[in-house]
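What follows is a set of notes on a single structure, which appears directly below.
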Amino acid sequence: MVYAMMSIGILGFIVWSHHMYTVGLDVDTLVSTVKILLYAGNSWLSSPLALIALGKIYLYFTRQSAGNFSFSTNATAVTKNTYVKYSELPFHPGLTGDKRAKIMLKKSIVNFNTFNFFNTIKTNFSSYTKSYDLSSQLNPNFVTGLIDAEGCFTVRVRRNPKTKLGWSVETMFIVGLDKKDLNLLTLLKYYFKGVGHISVGKDTASYTVGSIKDLTEVIIPHFTKYPLITQKKADFILLTKVVDLIVKKDHLTLEGLNQIVALKASINRGLPEELKNSFPNIQVINRPLIENKKITDYSWLAGFTTGEGSFQINCFKSNTKLGRTIRLIFTLTQHSKDKELMASLIDFLGCGNIYIYKNKNGIEYKVSKIDDLVEILIPIFDKYPILGVKSLDYQDFKKVAFLIKKGEHLTEEGMNSILKIKANMNKGRFR
C-alpha cells in the first residue's frame with residue numbers, strides 16, 4: 001500500500017512508493033489535502049495514486065491491485081488546466097527524471113470537486129488503466145525511424161590491466177537527444193522493457209543499453225524484426241557480430257579480440273590511434289553496404305522526422321504590399337551516403353525535392369509548396385504523430401500553414417500573428 005503525508009513545510013509531502021510514472025495538474029487554489037488510493041480486485045497492475053499537495057494534483061502510477069477503483073477524498077480546487085480523458089494528456093518537455101514524467105495540462109478555467117473529477121477518471125480511464133503500458137505509446141516502426149536518425153551502435157576496446165589479455169570490450173546501443181526531450185527517452189526506455197539507463201548532461205540526455213543480456217534479448221530482436229534502413233544498419237550488423245563473439249567468450253582469446261578490433265575498424269569512425277598502434281596487423285572487415293532501401297512506412301517517417309526533421313518559417317523582404325513574404329519549409333537531413341533512400345521520399349510522398357551539399361557530405365529533402373504541406377504532409381503527421389519537443393514546432397508550423405492557405409499572411413494582422421508564432425518556435429521556444 002502507498003501512503004501520502006502532507007506537512008506544512010518546505011518538503012510539502014513525502015510519498016513512499018516505487019514511482020513508475022507521474023502526472024501533474026496545476027491547481028491555482030488548494031482548499032484541503034487529499035489522499036486517494038485506487039485499489040480493488042485480485043490482479044496487479046500499474047494503477048494511479050492521486051494526491052493534492054502544495055497546490056498541485058498528482059497521479060502516481062504504482063503497483064496496486066486492479067479491478068474497480070475506490071476513492072477517499074475531501075478536496076475542492078479551482079484550476080485552469082484540466083483534462084477529463086487520460087488519452088488526451090500531452091507530454092511536457094520538462095521531464096525531470098528517468099521514472100517520473102510530469103505532464104502539465106492546458107485547458108480552460110473549470111471549477112470542480114476533486115471527488116467528482118476522479119470519478120470521471122474512474123469512468124473514463126478504468127479499461128485504459130487495466131491495459132496501461134508505456135511501451136504501447138511507441139509504434140515499433142517509429143522507434144526504428146528515430147534510431148535511424150539519432151541512434152548509435154558502438155564498440156569500445158579499452159586497456160584493462162585486470163584482464164588476462166590486458167583489454168576489455170564493451171558493446172553499446174546509445175540514443176542521444178536534447179535534454180528537453182528527456183521524456184521521449186523515457187518512453188523509449190519503457191518501450192525496450194525498461195533495460196538500460198538514462199543519463200543527463202548540461203544540454204543533452206542519452207539512453208544507453210550496454211548489457212550483453214539486454215542487447216541479445218531486447219535490442220537486437222527489435223531491429224531484426226523492424227530493420228533499420230539507413231547506412232546505420234551496417235553498424236548494427238557489425239555490432240551483432242561482436243556481441244556473438246562475446247556471448248561465445250571469444251573476446252577472452254587473442255584471436256577473438258583481434259576479430260573484434262577488425263569489426264570495430266568498420267563501425268562508425270573506425271579505430272582510434274591507440275588501437276591502430278596496438279593492433280597494427282589487423283585486417284579490417286569490410287563494412288556492409290546497405291543498398292536499394294526505400295522509405296515505405298509513415299510511422300518510420302514520423303520517428304525519423306522526430307530526430308532529423310526541421311519545421312522552419314522564413315520571413316524575407318519582397319515587393320509585396322507588406323514588403324515581406326513568408327515561406328514555410330519542411331526539411332529532412334541525412335548523410336549523402338543515403339541519397340537514394342532520401343530520394344525515395346519524392347515518390348513515397350509525391351512531393352518535395354532533394355538537395356545535395358558535397359562540401360558538407362549532406363543531403364536534404366525539402367517541401368515548401370503550401371499546397372503540398374497542407375494537403376500531403378500535414379495529414380500524414382496528424383495521423384502519424386511526431387513526438388517530443390519537435391511536435392510543438394510542428395503544431396506551430398501547421399497553424400501558420402493554414403493561415404497562409406487562407407491568405408491571412410497578406411494582411412498586416414495576419415503577418416504579425418505569423419511572426420509572433422515564428423519567434424516562439426525552435427530555439428525561441430525555451431529562451
Taking atom types as modelled, is there a side-chain donor on Asn141 or Ser299 under 3.5 Å from an acceptor on the other? no

What distance separates Thr306 OG1 from Leu301 CG, expressed to the nearest 0.5 Å? 9.0 Å

Set out, in order, the CA-CA distance, both residues' side-chain angles and the distance that settles side-chain hydrogen bond (donor to acceptor under 3.5 Å, both in side chains) for Thr144 and His222, then state yes or no. CA-CA 8 Å; Thr144 296; His222 168 84; 3.0 Å; yes

Point-to-point distance, once rounded to the nearest 0.5 Å, from CZ of Arg327 to OG of Ser368: 4.0 Å

Would you mind checking if Glu375 and Lys405 are paired as a salt bridge, meaning a charged N to carboxylate O distance below 4.0 Å? yes

Mind checking the CD1-CZ spacing from Ile326 to Phe316? Nearest 0.5 Å is all I need. 8.5 Å

Go through the steps to decide whether Val200 and Leu182 satisfy the test side-chain contact (heavy atoms from CB on, under 4.5 Å), and finish with yes or no. CA-CA 8 Å; Val200 182; Leu182 189 56; 3.8 Å; yes

Do Ile290 and Leu228 make a side-chain contact, defined as non-hydrogen atoms from C-beta onward lying under 4.5 Å apart? no

Any side-chain heavy atom of Phe223 sitting closer than 4.5 Å to one from Lys233? no

Could you check Ile418 against Lys399 for side-chain contact (heavy atoms from CB on, under 4.5 Å), going step by step and ending with a plain yes or no? CA-CA 9 Å; Ile418 290 172; Lys399 289 178 187 176; over 6 Å; no

Would you say the side chains of Gln312 and Ser310 form a donor-acceptor pair under 3.5 Å? yes

Side-chain donor or acceptor of Asn258 paired with backbone N/O of Leu254 under 3.5 Å: yes

May I ask you to check whether Phe397 and Phe402 place their ring centers less than 6.0 Å from one another? no

Does a donor on one side chain and an acceptor on the other come within less than 3.5 Å for Thr163 and Ser168? no

Worked verdict on Asp396 versus Lys422 for salt bridge (Lys or Arg N to Asp or Glu O under 4.0 Å): CA-CA 8 Å; Asp396 285 339; Lys422 169 181 165 58; over 6 Å; no

Is it true that a side-chain atom of Asp181 and a backbone atom of Val389 form a donor plus acceptor pair closer than 3.5 Å? yes

Taking Leu341's backbone N and O only, do any of them form a donor-acceptor pair with Ser344's side chain (distance below 3.5 Å, no angle check)? yes

Got a salt bridge between Lys193 and Asp214, using NZ or NE/NH1/NH2 to carboxylate O under 4.0 Å? no

Knowing that exactly one of Ile147, Leu387, Leu177 qualifies, which makes a side chain to side chain contact (heavy atoms under 4.5 Å, CB included) with Leu188? Ile147

Would you call Phe330 and Lys366 a side-chain contact if the rule is heavy atoms closer than 4.5 Å? no

Begin from the C-alpha positions of Lys390 and Phe311 and carry the test side-chain contact (heavy atoms from CB on, under 4.5 Å) through to its verdict. CA-CA 8 Å; Lys390 197 162 292 179; Phe311 297 94; 4.2 Å; yes

Determine whether a donor-acceptor pair (N or O, by modelled atom type, separation under 3.5 Å) exists between the side chain of Lys164 and the backbone of Leu252. no

Within the 4.5 Å heavy-atom criterion, are Leu245 and Gln259 side-chain neighbours or not? yes

Might you point out which heavy atoms bring Met415 and His409 nearest each other, and give the distance in Å? CE-O, 3.6 Å

Going by heavy atoms in the side chains, are Phe153 and Leu238 under 4.5 Å from each other? no

Taking Glu340 for the side chain and Asn292 for the main chain, is one N or O donor matched with an acceptor at less than 3.5 Å? no

For residues His335 and Ile363, report the shortest heavy-atom separation together with the two atoms involved. O-CG2, 3.5 Å

Flag, side chain of Lys339 to backbone of Ile356, donor-acceptor distance under 3.5 Å: no

Working for side-chain contact (heavy atoms from CB on, under 4.5 Å), residues Phe192 and Val143: CA-CA 10 Å; Phe192 285 122; Val143 171; 3.7 Å; yes

dist Gln334:CD -> Glu364:CD (nearest 0.5 Å) comes out at 11.5 Å

From Thr331 OG1 over to Glu308 CD, what is the distance, rounded to the nearest 0.5 angstrom? 11.5 Å

We want to know whether Tyr207 and His197 form a side-chain donor-acceptor pair, criterion being a heavy-atom distance below 3.5 angstrom. no

Show the nearest heavy-atom pair for residues Leu349 and Leu377, with the distance to one decimal. CD1-CD1, 4.1 Å

Does any part of the side chain of Tyr191, heavy atoms only, come nearer than 4.5 Å to the side chain of Pro140, both counted from C-beta? yes

Yes or no on salt bridge (Lys or Arg N to Asp or Glu O under 4.0 Å) for Lys180 and Asp203, after CA distance, side-chain angles and deciding distance? CA-CA 8 Å; Lys180 293 187 288 290; Asp203 300 311; over 6 Å; no

Between Tyr298 and Lys383, is there a cation-pi geometry (under 6.0 Å to ring centre, at most 45° from the normal)? no

pair Val155-Glu170: side-chain heavy atoms closer than 4.5 Å: no

Separation of Arg324 CZ from Asn314 CG (nearest 0.5 Å): 14.5 Å

NZ/Lys398: more than 12 non-hydrogen atoms of other groups inside 6.0 Å: yes

How close do Ser391 and Gly388 get, counting heavy atoms only, and between which atoms? OG-O, 2.6 Å

Exam field: side chain Asn361 to backbone Tyr357, donor-acceptor pair closer than 3.5 Å: no

Are Phe142 and Phe304, when compared by the centres of their aromatic rings, separated by less than 6.0 Å? no

Side chain Thr204, main chain Asp178, donor-acceptor under 3.5 Å: no

Looking at every non-hydrogen atom in both residues, tell me the closest pair between Gln231 and Pro288 and how far apart they are. OE1-O, 4.5 Å

For residues Arg158 and Trp167, determine if any side-chain heavy atom of one lies less than 4.5 Å from a side-chain heavy atom of the other. no

State whether a side-chain donor-acceptor pair under 3.5 Å links Tyr226 with Asn139. no

Without swapping roles, check the side chain of Asp148 against the backbone of Thr230 for a donor-acceptor pair under 3.5 Å. yes

Closest heavy-atom pair and its distance - Thr240, Ile237: OG1-O, 2.5 Å

